[in-house]
Amino acid sequence: MGKSSFVLTSVFCISCIIISVADNDNLFDVCPTAAMPSIFINGFPCKNPANITASDFKNTELNQVGDTDNFLQSYTSIVTAAEYPGLNTLGLATGRTDLDVAGLVTAHAHPRASEIFFVSKGMISAGFIDTSNQVFQKVLKEGDVFIVPRGLLHFIFNNGYEFATIFSVYNSQNPGLFDITGAIINNASDDAKRITMRLASVSKLEVNNQGQAPFANSDPFQTAGPDFHLDL
């Protein structure tokens, strides 16, 4: 009796696991976002299949250059299933980042998504910081692709001589965003300027691949050492 109960319990648990995994997949070919209901749900409801059109799968919000006339000289726009109906239930979101010369995207993270971005124009330096406080940074040129693991702080700096544009894809229809720098300093403060100078110095170090920083007084990343990964 005990053995039979164990077998039945095991079969029940395995069945529940299989059902749970299956429910994570899309149960329809497509599921564009419908109008928001009066109740709060985790995600968005689907449109009536009879009302789905090709327009649900096209979005033009990322074809405009962002306004970089600000202190950081950068602008980032993320398009989720809320603005792009065709993304609903697909586990995807898209984004665009524009950076003027010396433009900076300060350290931030996406708690629900990994990010892969493609450099469409210009040259940038991008990196992320893992949970052991190691920094992995690369210089990226037009056509290059870079991956940022889910939830890790990352940053971007335009270390080229022309305007830079990056397009991103996230593996969540709502990747989320928190900017730790914006939470602890004022963008117009001397601290923010110091961060910009440090990123500029480290970026130029990588480009030159030399042992001396172009800005000797900028003190780039005092903690950079064995845990700071710079390679071309």
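As the structure is a prediction and not an experimental result, all values here were calculated from the model. Numbers here are sequence positions counted from 1.
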For this session: Kindly compute the distance separating CG (Asp100) from CG (Asp67), expressed to the nearest 0.5 Å.
Result: 10.5 Å
Exercise. Got a second to check how far Ile147's CD1 is from Lys138's NZ, nearest 0.5 Å?
Worked result: 13.0 Å
For this session: Would you please test Leu140 and Phe118 for side chain to side chain contact (heavy atoms under 4.5 Å, CB included) and show each step?
Result: CA-CA 9 Å; Leu140 305 174; Phe118 166 79; over 6 Å; no
Exercise. With no hydrogens and no angle check, is any side-chain donor or acceptor of Asp69 less than 3.5 Å from a backbone partner on Gln73?
Worked result: no
For this session: Return the minimal non-hydrogen interatomic distance between Phe155 and Phe128, and the atom names on each side.
Result: CE2-N, 4.4 Å
Exercise. Are the side chain of Arg96 and the backbone of Thr76 linked by a donor-acceptor contact shorter than 3.5 Å?
Worked result: no
Problem set entry | Close side-chain approach of Thr106 and His108, heavy atoms under 4.5 Å | no
Seminar exercise, completed: Closest heavy-atom pair, Phe167 versus Leu62, reported as atoms and distance to 0.1 Å, is CE2-O, 3.6 Å
Problem set entry | Smallest separation among heavy atoms of Tyr84 and Val79, with atom names | CB-CG1, 3.6 Å
Exercise. Taking Thr80 for the side chain and Ala82 for the main chain, is one N or O donor matched with an acceptor at less than 3.5 Å?
Worked result: yes
Exercise. Counting distance only, does the side-chain N/O of Gln173 pair as donor-acceptor with the main-chain N or O of Ala81 below 3.5 Å?
Worked result: no
Exercise. Got a second to check how far Leu72's CG is from Leu104's CG, nearest 0.5 Å?
Worked result: 5.5 Å
Exercise. Going only through I, L, V, M, F, W and Y residues with side-chain contacts under 4.5 Å, is there a path from Leu152 to Phe136?
Worked result: yes
Exercise. Which heavy atom of Pro175 sits nearest a heavy atom of Ile78, and at what distance?
Worked result: CG-CG2, 4.2 Å
Problem set entry | Verdict with reasoning, Ile124 to Val139, per side chain to side chain contact (heavy atoms under 4.5 Å, CB included) | CA-CA 6 Å; Ile124 64 168; Val139 166; over 6 Å; no
Problem set entry | Check: Thr97 and Thr165 side chains under 4.5 Å, non-hydrogen atoms | no
For this session: Identify the two heavy atoms, one from Ala34 and one from Cys46, that lie closest to each other, and give their separation to 0.1 Å.
Result: CB-O, 3.3 Å
For this session: Would you give the length of the straight line joining atom CD1 of Ile116 to atom CG of Asn171, rounded to the nearest 0.5 angstrom?
Result: 10.0 Å
Exercise. Does Val148 share a hydrophobic cluster with Ile156, counting links as ILVMFWY side-chain heavy atoms below 4.5 Å and allowing steps through other members?
Worked result: yes
Exercise. For the side chain of Ser114 and the backbone of Arg150, is there at least one donor-acceptor N/O pair under 3.5 Å apart?
Worked result: yes
For this session: Return yes if some donor-acceptor pair links the side-chain N/O of Ser74 with the main-chain N/O of Asp98 below 3.5 Å, else return no.
Result: no
Exercise. Is it true that a side-chain atom of Asn158 and a backbone atom of Leu99 form a donor plus acceptor pair closer than 3.5 Å?
Worked result: yes
Exercise. Counting distance only, does the side-chain N/O of Asp144 pair as donor-acceptor with the main-chain N or O of Lys141 below 3.5 Å?
Worked result: yes
Seminar exercise, completed: The reported gap from OG in Ser125 to CD in Gln137 (rounded to nearest 0.5 angstrom) is 3.5 Å
Problem set entry | Residue pair Ile129 / Gln134, side-chain heavy-atom distance below 4.5 Å | no
Problem set entry | Ring geometry between His110 and His154 (parallel below 30°, tilted from 30 to 60°, perpendicular above 60°) | tilted
For this session: Verify, without hydrogens or angle tests, whether Asp56 (side chain) and Pro32 (backbone) share a donor-acceptor contact under 3.5 angstrom.
Result: no
Problem set entry | Crowding at OH, Tyr75 (>12 non-hydrogen neighbours, <6.0 Å) | no
Problem set entry | Euclidean distance, Glu142 CD relative to Ile166 CD1, rounded to 0.5 Å | 12.0 Å
Exercise. Which heavy atom in Ala126 sits nearest to a heavy atom in Phe117, and how many Å separate them?
Worked result: CB-CZ, 3.6 Å
